[in-house]
Q: 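Structure provided below as C-alpha cells; questions to follow.
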Amino acid sequence: MDWKSDADFADRFHEALGNGGIRAWFQPVFRSLTQQIMGAEALARWFDPDGNMLSPADFIPQLEQGGLIFELDMEILRQACALYDELRARGTPLSRVSVNLSRLDFAREDLFEQVCSVLHAYSVPREAVSLEITESVMLEDTDAFEKVFNRFSDAGFSVWLDDFGSGYSSLNVLQNYPFDVIKFDMLFLRKMSAKGKNMLASLISMAKTLGIHTLTEGVETNEQREFLLDIGCEAQQGFYYARPLSREALIEQIDRKPGILEKKEDEAYWGQIGRLNFVNPNPLKEYAERWKSSPADYVSSYDGSIALIECGRENFTYIYATEGYKERLRELGFSSVDGLENALTSHQRGHYYLAIHKLVMDALQQGTIQTVEYAYRDVYYRLSALFIARREGRAMILMRLNTFDAEREVKTAQEMLDNGSALFFTYEMVAMIRPEMKKAKRIYAASSLPSYDREESVDKTIRKFCENHVDPADQERYLQFANMETMGERIRNSPRKFIQAVFRMRLEKNQSNWYSARFTEVPSSSEPVYILTIQSVQENLNRWLNLFAEEHPEMF
Ligand code: C2E
Ligand code: MG
Ligand code: MG
C-alpha cells in the first residue's frame, strides 16, 4: 500500500479503523503437557480497500512514527475482548487473551484507565487479559514504565515479556519487573543447534527459579514441540499448532474440537505444575524446597527418571514420563506407561497396585516426599512421590523411579531388607545368602517357619530346609537348584539375571502346595550375595506356569 504523505497515511488508517479494515487475528497458545489451548494472542492485520492483507511489519513502524499506535492497540484490545465475550456467551470460553502493547503506549498517562475501560465495556475480568511488551520498552523511560507496570500488575493483569532473546535482552529486566511469563523468541528454535537448545533449556530453568512461567514462540515442527516439552517449557505457540486465525476460523476450530480448550479453573492447577523444573538435577527436591516447606533431607543422584501421574478417584494417568522413567518401567516388565496404567487400574488390584496406591495417598496427605523401596521380580526399586497440585477430583503427583544402584553395598541392601517393605507380603519367605561368609539369614517369613541360620554351613542350612519343607519328589531338583557352587555362574548365564523354578513345598499345615523359588544376585563389589525368595503359586497357578514354561521350555 502506498501513501503520499504522513497525513495521507493517517487518513487511510482512520478510514480502515472506521470501516473494519483493521482486524485482530488470533493465534492459539498451547499447553505443552496437555496440548490444550490456554489462550490466544491477538495480532493486528490491516486489509486495504482491495482486500490485500498487510502484516504488522508493514504498518507498525509508521503507526509508531505517526503517533497512531495507541489507537491500533486499543482497537485490537477491543476486538480481543469482544472475542472473549462472544466465546464466553456461546459456552466455549477461552481462558485468556493476550494483546501486544507498544513501548510508545507507556508514554500515555491514561494507558491504564483506557485499557480498563475497554475491559469494562465487555465485562472481561483483568485476570483474563495478558499484556505483551517487548524489552525495548524498559530501556526507555524506566520510572514512568515502572509506575504503569506496577499499576497493571497490582490490578491483576498478567504482564508478559515478549520476544525474549531477540534483540536487546538484558537479564536485569527480569530482576526489576515481576513478569508473569517470558515469551522466548523463535530465534532459539530456528536452527535447533545444540547451543541454541542448551541456552533455551538453561533460560527456562532460570525462569522457573525466578518463579516466571515460560512460553516459546515459533514452534514449527514436532521435534521442536517435543524438545520444549522435555525441557519443561510450559506453553507453545507456532505454525506447528496453528497459524494466526481470523475470529471466524478460530471459532470454527474450537467447534470442531471443543475439548481442546483448557478450562479457566484448571489454569492455576497447570500453572503450579508448570513450576516444576524438568532439567534440574533433582526436581523433586527442588520443588519441595522451593514451593513448600523443606522436607527431611532427601539425597539421591539425578537419573532423569521422573514422571507426572494424575490420580483420580479410581485411576492413574501418566501425563508425562521421561525416557529414563520409561526405561525403568521396561526393566520392570511394562512395555509402556500405558501398560502400567492398565495394571494400576485393572480390577485385580494386586500388591503392586496397593503399594503405589499407598505411596500416592501418603504423598497427598503429607505433602512431603514419600519414598518406598520394594522388590518386583526380585529387582529392587525405589519409588518416590511428591504432591504437586490438586483440582476437582484429581491431583498431580511427581514420581521418581530408581533402580537399585549397582554400586550399593550389601550393607545397604541388608538394611533395606531388614526394614521390610510391604511387598514382602507377596512372598512366603525371603532369605539372604552369603556363601563366603557361611551365612544364610532369613529376612522375612509369612508363617511360623523355623529358621535355619544356626547351621555351620550354608549347604547344611539349605539341606535342612529341603528335608523339612520340600516335597520328597522335588527334593533332588531343589538341591541342584540351590547349589551354591554353581549359583553365580547360572545366574550370570541366565538372560534375566536370576534363576527360578517351581517346587512342591510344605510351608503351612503340612499341606503340600506349589511354590516358586528364585535366586537373585545382589550387586556387590566384595562377595557374592544372593536373595532367595519363595512365593506361592497356588493362587494363580496358570499365570506362574506360563511364566515357567517361558523360562524353561525344556521342561515341557
Ligand atoms: P509477536 O508479538 O512476537 O507475535 C508473533 C509473531 O510471530 C506474529 O507475527 C506471528 O504471526 C508470528 N508467528 C507465530 N508463529 C510462528 C511460526 O511458527 N513461525 C513464524 N515464522 N512466525 C510465527 P505478526 O503477526 O506478523 O506480528 C509481528 C509483530 O508485530 C508481533 O510480534 C508484535 O510485536 C507486533 N504486533 C502484532 N500485532 C500488534 C498490535 O496489535 N499492537 C502492537 N503494538 N504490536 C503488534
Ligand atoms: Mg506478542
Ligand atoms: Mg513475540
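Start at 1 and go down the list; that is how both ligands and their atoms are numbered.
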Q: What's the shortest distance from atom 26 (O) of ligand 1 to any protein heavy atom, and which residue and atom give it?
A: Pro56 CD, 3.4 Å

Q: Considering Ile69, Ile60, Val99 one by one, which has a heavy atom nearer to atom 45 (N) of ligand 1 than any of the others?
A: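 Closest candidate by heavy-atom distance is Ile60.
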
Q: State which residue, out of Phe149, Phe152, Phe157, Trp160, fulfils the ring-ring contact (aromatic ring centres under 6.0 Å, His included) condition with Phe179.
A: Phe149

Q: With atom 15 (N) of ligand 1 as the reference point, say which of Gln237, Gln27, Lys183 has the nearest heavy atom.
A: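 Result: the heavy atom closest to atom 15 (N) of ligand 1 is in Gln27.
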
Q: How close does the nearest protein non-hydrogen atom get to atom 20 (C) of ligand 1, and which residue and atom is it?
A: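 The closest heavy atom on the protein side is Glu220 OE2, 3.3 Å.
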
Q: So between Trp160, Tyr241, Phe239, whose heavy atom ends up nearest atom 13 (N) of ligand 1?
A: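 Minimum heavy-atom distance to atom 13 (N) of ligand 1 goes to Phe239.
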
Q: I'd like to know if the side chain of Tyr320 pairs up with that of Tyr325 as donor and acceptor (distance under 3.5 Å, no hydrogens or angles considered).
A: no

Q: Which residue and non-hydrogen atom of the protein lie closest to atom 4 (O) of ligand 1, and at what distance in Å?
A: Leu43 CD2, 3.5 Å

Q: Considering only heavy atoms, which of Met186, Glu217, Gln236 lies nearest to atom 7 (O) of ligand 1?
A: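 When every heavy atom of Met186, Glu217, Gln236 is considered, Met186 comes closest to atom 7 (O) of ligand 1.
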
Q: Give a yes-or-no answer on whether the side chains of Glu146 and Asn176 include a donor-acceptor pair shorter than 3.5 Å.
A: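 There is no such pair between these side chains.
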
Q: Are the aromatic rings of Phe9 and Trp46 close, with centres under 6.0 Å apart?
A: yes

Q: Tell me whether ligand 1 is touched by Glu75 - counting only heavy atoms on the residue side and a distance under 4.0 Å.
A: no

Q: Do the side chains of Arg108 and Asp105 get close enough for a salt bridge, i.e. N-O under 4.0 angstrom?
A: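 No.
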
Q: How wide is the angle at the Mg ion (ligand 3) between OD1 of Asp163 and OE1 of Glu217, to the nearest 10°?
A: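 An angle of 140° at the metal.
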
Q: For Arg45, is the nearest heavy atom under 4.0 Å from an atom of ligand 1?
A: yes

Q: Give the contacting part of Asp73 toward ligand 1: side chain, backbone, both or neither, where contact means a heavy-atom distance below 4.0 Å.
A: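 It is the side chain that touches ligand 1; the backbone stays farther off.
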
Q: Looking at Lys197 and Asp230, is there a salt bridge between them, counting it only when a charged N and a carboxylate O are closer than 4.0 Å?
A: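 Here Asp230 does not pair with Lys197 in a salt bridge, since their nearest N and O are not under 4.0 Å apart.
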
Q: Side chain, backbone, both or neither: which part of Pro244 has a heavy atom under 4.0 Å from ligand 1?
A: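 It is the side chain that touches ligand 1; the backbone stays farther off.
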
Q: When you measure from the Mg ion (ligand 2) to the N, O or S atoms of Asn100, does any of those distances fall below 2.8 Å?
A: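 Given the 2.8 Å cut-off, Asn100 counts as a ligand of the Mg ion (ligand 2).
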
Q: Is the shortest side-chain N to carboxylate O distance from Glu267 to Arg391 below 4.0 Å?
A: no

Q: Decide whether a cation-pi geometry holds between Arg23 and Phe47; the criteria are a distance under 6.0 Å from NZ or CZ to the six-membered ring centre and an angle within 45° of the ring axis.
A: yes

Q: Going by the atom numbers of ligand 1, which of them fall below 4.0 Å from some non-hydrogen atom of Ile76?
A: 41 (O)

Q: Which is it for Asp163 and ligand 1 at heavy atoms under 4.0 Å: side chain, backbone, both or neither?
A: side chain

Q: Below 2.8 Å, can you find an N, O or S atom of Asp162 next to the Mg ion (ligand 3)?
A: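 Checking Asp162: at least one N, O or S atom is under 2.8 Å.
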
Q: Tell me, please: is Ala57 in heavy-atom contact with ligand 1, that is, under 4.0 Å?
A: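 Under 4.0 Å: no for Ala57.
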
Q: Looking just at side-chain N and O atoms, do Lys183 and Gln237 make a donor-acceptor pair shorter than 3.5 Å?
A: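 Side-chain D/A pair, Lys183 to Gln237: present.
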
Q: For the Mg ion (ligand 2), which N, O or S atom of Glu132 is at the shortest distance?
A: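 Checking each N, O and S atom of Glu132, the shortest distance to the Mg ion (ligand 2) belongs to OE1.
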
